[in-house]
Number of protein chains: 2
Amino acid sequence: MQNALRKFKAEIFQALSHPTRIAIVEMLREGEVSAGTLYENLGLEQANASQHLAVLRAKQVVVNRKEGNQVYYSLRSLLLVDVLDTMRQYFEIQLAENLGLLDEIRQEAAISGEEGS
Amino acid sequence: MQNALRKFKAEIFQALSHPTRIAIVEMLREGEVSAGTLYENLGLEQANASQHLAVLRAKQVVVNRKEGNQVYYSLRSLLLVDVLDTMRQYFEIQLAENLGLLDEIRQEAAISGEEGS
DNA sequence: TAAGTATATTCGAAATTTCGAATATACTGT
DNA sequence: ACAGTATATTCGAAATTTCGAATATACTTA
C-alpha cells in the first residue's frame, strides 16, 4: 500500500525536478497561461517547452484546455502552490546557510545589474 | 537570480524523486535514525541505502552525526515535514481522481491481506 | 483546398540515475 | 595488531532524462 503511494509521490517530485518545469509551474501560479506565452516569457525553444509540458501533463501536475488554435495550461490543484510556498520558506532558510549558492545568486544579480535591469 | 534559485529548488525535488528516498525521509520524520536501522526497516541492501543517503546528503536534505561505529541521520529542516504533509493532502485529492492508482493500491492491499497482516 | 499559425511528437545522441557486486574506510573490542 | 561491525565508495551496465532538429497534427483564414 505504501509502495504505490511512495511511487506516486516520487513521480510528482520527479515532475518538479527540473529548473524549466519549476519555472513553468511558478508561472502558472497566477492562473491559466497559453503554451506560446509560456515559452516566450521563459525564453525556451518551442519544442523544449512542449516536452516539459508533456512531463507535467503525464504526472498530472498541469491540465490543459484547447481554445481555437491555442492550448491553455493551468495547475491541476492549488495545493501545489502551498507546497511551493512551504518550499520557498525552506529554501530561504537553506539559502542563509548555503554561502556558495548565495554567492552564485549575487553574481547573477551583478551580471544582470550591469546590463541595466 | 531566479535561475540559481530554481536550480536549487529543482535539486531538492530531485532528491525526493525516488520512492526509496521518500521512504527514508518519511522514516526520519519522527527523528534521528541510524543508517543500519534505516536499511533494515526498509528492507534495503546496505550499499543501496547508503547510495540513497548520499544523494540526500549531497542535496542537504539530511544531516548526519557519527557516534562510535554508527551514523545517525536526521532531516536538516523540519519544514520538509510540512512540505510532505501538504503533499499528502495533495495526493489524497489526486488519489480520489485517479482510479488506476487506487486499483493498484487495492491490489497491493489484497495481496498483503492474503499473507495475513 | 492551400497557406499560415500554434502546439505536439519522434528521433537519435549525450548526460544522468540507478543498481548490485566488490571494495574501502573507520571505528571497536580483544 | 587483528578480527569484527557499520557505513561509504567505486565500478560498470542498464535504464531514464534531456536536448535540438526535424516532422507531424490541428486549427484558422483566405
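Each chain gets a letter, A, B and so on, in the order its sequence line appears, and its residues count up from 1. What's counted below: heavy atoms across the whole structure, side chains too, no hydrogens, waters or symmetry copies.
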### Query
Should the pair K9(B)-E11(B) be classified as a salt bridge under the 4.0 Å nitrogen-to-oxygen rule?
no
The complete set of side-chain hydrogen bond (donor to acceptor under 3.5 Å, both in side chains) pairs with one or both residues in residues 37-46 of chain A, sequence neighbours excluded, reads S34(A)-T37(A)
note: L53(A), atom CG; dT9(C), atom P; distance rounded to Å ~ 10 Å
**Aromatic ring pairing F91(B)/F13(A), orientation class (parallel under 30°, perpendicular over 60°, tilted between)** = perpendicular
Whole-Å distance, Q14(A) CD to dT17(D) P, equals 5 Å
Here the distance between atom C1' of dT18(D) and atom CG of L56(A), to the nearest Å, is 14 Å
As a check of understanding: the bend across the helix from dT1(C)-dA30(D) to dT30(C)-dA1(D), end axes from five pairs, rounded to 10 degrees, works out to 20°
F13(B) CZ to dT17(C) P, in whole Å, measures 17 Å
* Asked: Can you tell me if the side-chain N/O atoms of R65(A) get under 4.0 Å from OP1 or OP2 in dT7(C)?
  -> no
Looking only at heavy atoms, the pair that brings A15(A) and V61(A) closest together is CB-CG2, 4.0 Å
message: Walk me through whether L5(A) and E92(B) qualify under side-chain contact (heavy atoms from CB on, under 4.5 Å).
response: CA-CA 10 Å; L5(A) 199 52; E92(B) 281 165 7; over 6 Å; no
Between CG of N64(B) and P of dA6(D) the distance, given in whole Å, is 17 Å
Taken to the nearest 0.5 Å, the spacing of S17(A) OG from I12(B) CD1 works out to 12.0 Å
inquiry  = Within the 4.0 Å heavy-atom criterion, would you say E67(B) contacts the bases, only the backbone, or no part of the nucleic acid?
reply    = nothing
Note: for N69(A) and K59(B) on DNA chain C, the residue whose nearest nucleotide lies more 5' is N69(A)
Per the under-4.0 Å heavy-atom filter, residues of residues 24-52 of chain B near DNA chain C come out as E45(B), A47(B), N48(B), Q51(B), H52(B)
Note: V62(A) and R57(A) closest approach over all heavy atoms is CG2-N, 3.8 Å
May I ask you to say what Y73(B) touches in the nucleic acid, namely base, sugar-phosphate or nothing, with a heavy-atom cut-off under 4.0 Å? sugar-phosphate
Ranking G68(A) and H18(A) by the position along DNA chain D of their nearest nucleotide, the one closer to 5' is H18(A)
message: Between the side chains of D85(A) and R29(A), is the shortest nitrogen-to-carboxylate-oxygen separation below 4.0 Å, so that they form an ion pair?
response: yes
Contacts of R21(A) and K66(A) projected onto DNA chain D by closest heavy atom; the upstream (5') one is R21(A)
From CG of L16(B) across to C1' of dT18(C) the rounded distance in Å is 17 Å
Whole-Å distance, Y72(A) OH to dC27(D) C1', equals 13 Å
**Item:** side-chain contact (heavy atoms from CB on, under 4.5 Å) between R6(A) and E26(B), worked out
**Value:** CA-CA 10 Å; R6(A) 283 199 286 252; E26(B) 283 177 351; 3.6 Å; yes
